[in-house]
Asks: 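Encoded as structure tokens, here's the structure I'll be asking about.
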Amino acid sequence: MDNRCIGVFDSGLGGLTCVKEIMKILPEENIVYFGDTGRVPYGTRSAEILVKYTISDIRFLKEFDPKLIVIACGTASTTALDIVKGKFDVNIMGVVAPSAHTAAASTKNGKIGVIGTSRSINSGKYEQAIKAVNGDIEVYSKACPMFVPLVENGYLDSKVTYMIAEEYLEPLIKAGVDTVILGCTHYPLIKKVIGDIVGESVTLIDSGKEVARHIRSSIEAGEVEAAARHNGNRFFISDKVESFQTAAEMFLDTKINEPIEKIDIEKYML
Ligand code: DGL
């Protein structure tokens, strides 16, 4: 048994959708979450800046001696994971490979759609990961930059979200995809809108859920040791704490009883 924490980070609140899934299927695990609210969004940054931010986020979480670090952020996973992985003596996981595997196993007609931030889509990483599983699968990718601000502002089920989603998803529908990867932390919150537009015959893959399942499989395979008991989670952010709690509870879909702590992430920059 290994009671050390699982460190999870994201550019802000969105990674809590991943924490929610880990808490659901691995309730005994202890999570230390860092949301880089002072430097959000990551989705529009250059690759160079993202790698620097990712390194500082990992350096912060390393202070808690984690047994595993999860990059819950789609953008940091697509753009920085491969570069930073070898630099740290800790197991680091991103969201791309687990969702690519599930999508490849789920598609019946061999056509998968991927949606994410502009940076994630431009990286081509989801496509690469899917093709690595099965080179015959056709991948149709679409950046959906308006989804993050819509979710952050609470437009989860509104007319404007439907209108924008219709435009974004049209090429995927035309291509006839039967599976769509929600390659961004925020998209599970508008899963209903996306599902209504693409139709119920299309399988939606939630990347946070897939990484949580991947951790469980790694535990079952003996690659990561399970925690013996839950001692509590911790939440850190890099900007003001006020207003975080309510929004965070929306993403987590439960109350946060622990204090939310503010840190100076610049201290962890190389
Ligand atoms: N967390 C980011 C992602 O999953 C979305 C928000 C942002 O752009 O920072 O790609």
Asks: Enter the distance from Ile237:CD1 to Leu13:CG here, rounded to the nearest 0.5 Å.
Replies: 8.0 Å

Asks: For Tyr53 and Tyr42, I'd like to know if the aromatic rings sit close, meaning centre-to-centre distance below 6.0 Å.
Replies: yes

Asks: Would you name the heavy atoms of Ala76 and Ile71 that are closest together and state the gap between them?
Replies: CB-CG2, 3.6 Å

Asks: Is there a donor-acceptor contact under 3.5 Å from the side chain of Thr107 to the main chain of Ala103?
Replies: no

Asks: Measure the acute angle between the ring planes of Tyr33 and Phe235, then classify it against the limits of 30° and 60° as parallel, tilted or perpendicular.
Replies: tilted

Asks: Between Ile31 and Asn233, what is the shortest heavy-atom contact and its length?
Replies: N-OD1, 2.9 Å

Asks: Any sub-3.5 Å donor-acceptor pair from Ser238's side-chain atoms to Gly38's backbone N or O?
Replies: yes

Asks: Strictly by side chain to side chain donor-acceptor pair (under 3.5 Å), give each pair with a member in residues 245-254 just once, sequence neighbours left out.
Replies: Gln245-Glu249, Glu249-Lys255

Asks: Using a strict threshold of under 4.0 Å (side-chain N to carboxylate O), is an ion pair present between Arg4 and Asp65?
Replies: yes

Asks: Examine Ile83 and Ile49 and state if one hydrophobic cluster contains both, with Ile, Leu, Val, Met, Phe, Trp and Tyr joined whenever side-chain heavy atoms are less than 4.5 Å apart.
Replies: no

Asks: Donor-acceptor check, side chain of Tyr168 to backbone of Met146, threshold 3.5 angstrom: yes or no?
Replies: yes

Asks: Is any side-chain heavy atom of Arg59 less than 4.5 Å from a side-chain heavy atom of Leu270?
Replies: yes

Asks: Evaluate side chain to side chain contact (heavy atoms under 4.5 Å, CB included) for Lys267 paired with Asp264, printing each intermediate quantity in order.
Replies: CA-CA 6 Å; Lys267 271 189 359 205; Asp264 178 9; 3.7 Å; yes

Asks: Find out if a path of hydrophobic residues (ILVMFWY) with successive side-chain heavy-atom gaps under 4.5 Å connects Ile215 to Ile58.
Replies: no

Asks: Just checking, any donor-acceptor pair under 3.5 angstrom between side chains of Thr102 and Ser99?
Replies: no

Asks: Could you list the residues that satisfy ring-ring contact (aromatic ring centres under 6.0 Å, His included) with Phe236, not counting sequence neighbours?
Replies: Phe60, Phe64

Asks: Do the side chain of His214 and the main chain of Glu210 share a donor and acceptor less than 3.5 angstrom apart?
Replies: no

Asks: Using only atom types and a distance under 3.5 Å, with no angle test, would you say the side chain of Arg119 pairs donor to acceptor with the backbone of Thr44?
Replies: no

Asks: Please check this pair: side chain of Arg213 against backbone of Lys209, looking for a donor-acceptor N/O pair closer than 3.5 Å.
Replies: no

Asks: Would one find more than 12 heavy atoms of other residues, nucleotides or ligands at under 6.0 Å from atom CD of Glu200?
Replies: no

Asks: Quick one, Arg39 with Lys52, criterion side chain to side chain contact (heavy atoms under 4.5 Å, CB included). Give me CA distance, side-chain angles, the key distance, then yes/no.
Replies: CA-CA 12 Å; Arg39 303 189 296 194; Lys52 286 187 180 158; over 6 Å; no

Asks: Within the structure provided, determine whether Thr117 and Ile121 are in side-chain contact (heavy-atom separation under 4.5 Å).
Replies: no

Asks: Rounded to the nearest 0.5 Å, what separation is found between the OG1 atom of Thr37 and the CZ atom of Phe244?
Replies: 6.5 Å

Asks: Before you tell me yes or no, could you show the steps for Asp206 and Thr17 under side chain to side chain contact (heavy atoms under 4.5 Å, CB included), namely the whole-Å CA-CA distance, both residues' side-chain angles and the distance that decides it to 0.1 Å?
Replies: CA-CA 9 Å; Asp206 173 342; Thr17 53; 5.6 Å; no

Asks: Any heavy-atom pair between the side chains of Val151 and Phe251 that's under 4.5 Å?
Replies: yes

Asks: Grouping I, L, V, M, F, W and Y whenever their side-chain heavy atoms are under 4.5 Å apart, do Phe88 and Met93 come out in a common cluster?
Replies: no

Asks: Does the side-chain hydrogen bond (donor to acceptor under 3.5 Å, both in side chains) test come out yes or no for Thr203 and Thr179, once each step is laid out?
Replies: CA-CA 5 Å; Thr203 306; Thr179 304; 4.7 Å; no

Asks: As an exercise, state the distance from CD of Glu166 to OH of Tyr162, rounded to the nearest 0.5 Å.
Replies: 9.0 Å

Asks: Check for a donor-acceptor pair, side chain of Thr161 on one end and backbone N or O of Tyr155 on the other, with a separation under 3.5 Å.
Replies: yes

Asks: Just checking, any donor-acceptor pair under 3.5 angstrom between side chains of Tyr140 and Glu138?
Replies: yes

Asks: For side chain to side chain contact (heavy atoms under 4.5 Å, CB included), just list the numbers for Ile265 and Phe34, CA-CA rounded to whole Å, side-chain angles, deciding distance to a tenth of an Å, and then say yes or no.
Replies: CA-CA 10 Å; Ile265 193 64; Phe34 172 58; 3.7 Å; yes

Asks: Near Met269 CE, under 6.0 Å, is it more than 12 heavy atoms from other residues, nucleotides or ligands?
Replies: yes

Asks: Show the nearest heavy-atom pair for residues Asp2 and Glu225, with the distance to one decimal.
Replies: CB-CB, 3.4 Å

Asks: Judged by atom type as modelled, is there a donor-acceptor pair below 3.5 Å linking the side chain of Asn3 to the main-chain atoms of Arg229?
Replies: yes

Asks: How long is the gap from CG on Leu252 to CG on Leu16, to the nearest 0.5 Å?
Replies: 5.5 Å

Asks: Taking Lys131 first and then Glu127, would you say they form a salt bridge - that is, a charged N and a carboxylate O separated by under 4.0 Å?
Replies: no

Asks: So, taking the atom named CE in Met23 and the one named CD1 in Ile6, what distance separates them when rounded to the nearest 0.5 Å?
Replies: 12.0 Å

Asks: Within the distance-only criterion (no hydrogens, no angle test), does the side chain of Asn134 pair as donor or acceptor with the backbone N or O of Ala104 below 3.5 angstrom?
Replies: no

Asks: Would you please name every residue forming a side-chain contact (heavy atoms from CB on, under 4.5 Å) with Glu242, sequence neighbours left out?
Replies: Lys240

Asks: Are more than 12 heavy atoms from other residues, nucleotides or ligands located less than 6.0 Å from atom CD of Glu167?
Replies: no

Asks: Tell me whether Arg234 is salt-bridged to Glu258, with the criterion being a basic N under 4.0 Å from an acidic carboxylate O.
Replies: no

Asks: Are Val90 and Val70 connected into the same hydrophobic cluster when the rule is that any two of I, L, V, M, F, W, Y join if their side-chain heavy atoms are below 4.5 Å apart?
Replies: no

Asks: Is any side-chain heavy atom of Val96 less than 4.5 Å from a side-chain heavy atom of Leu81?
Replies: no

Asks: With a 4.5 Å heavy-atom cut-off, do Phe9 and Thr54 have their side chains touching?
Replies: yes

Asks: For the residue pair Val180 and Ile115, what are the closest heavy atoms and their distance?
Replies: CG1-CG1, 4.2 Å

Asks: Looking only at heavy atoms, which two atoms of Val95 and Gly74 are closest? And how far apart?
Replies: CG2-CA, 3.8 Å

Asks: Report yes or no: does Ser123 contribute a side-chain atom to a donor-acceptor pair with the main-chain N or O of Ser120 at less than 3.5 Å?
Replies: yes

Asks: Answer yes or no: is there a side-chain heavy-atom contact under 4.5 Å between Thr75 and Leu50?
Replies: yes

Asks: Between atom CG of Asp10 and atom NE2 of His186, what is the distance when rounded to the nearest 0.5 Å?
Replies: 7.0 Å

Asks: Just wondering, do Val114 and Lys142 contact through their side chains at under 4.5 Å, heavy atoms?
Replies: no

Asks: With distance as the sole criterion, is a donor-acceptor pair present between the side chains of His230 and Glu29 under 3.5 Å?
Replies: no

Asks: Please name the pair of heavy atoms, one in Leu182 and one in Ser207, separated by the smallest distance, quoted to 0.1 Å.
Replies: O-OG, 2.9 Å

Asks: Quick one: does Val202's side chain get under 4.5 Å of Leu172's, heavy atoms only?
Replies: no

Asks: Would a single hydrophobic cluster contain both Val211 and Ile92, if residues Ile, Leu, Val, Met, Phe, Trp and Tyr are joined by side-chain heavy-atom contacts under 4.5 Å?
Replies: no

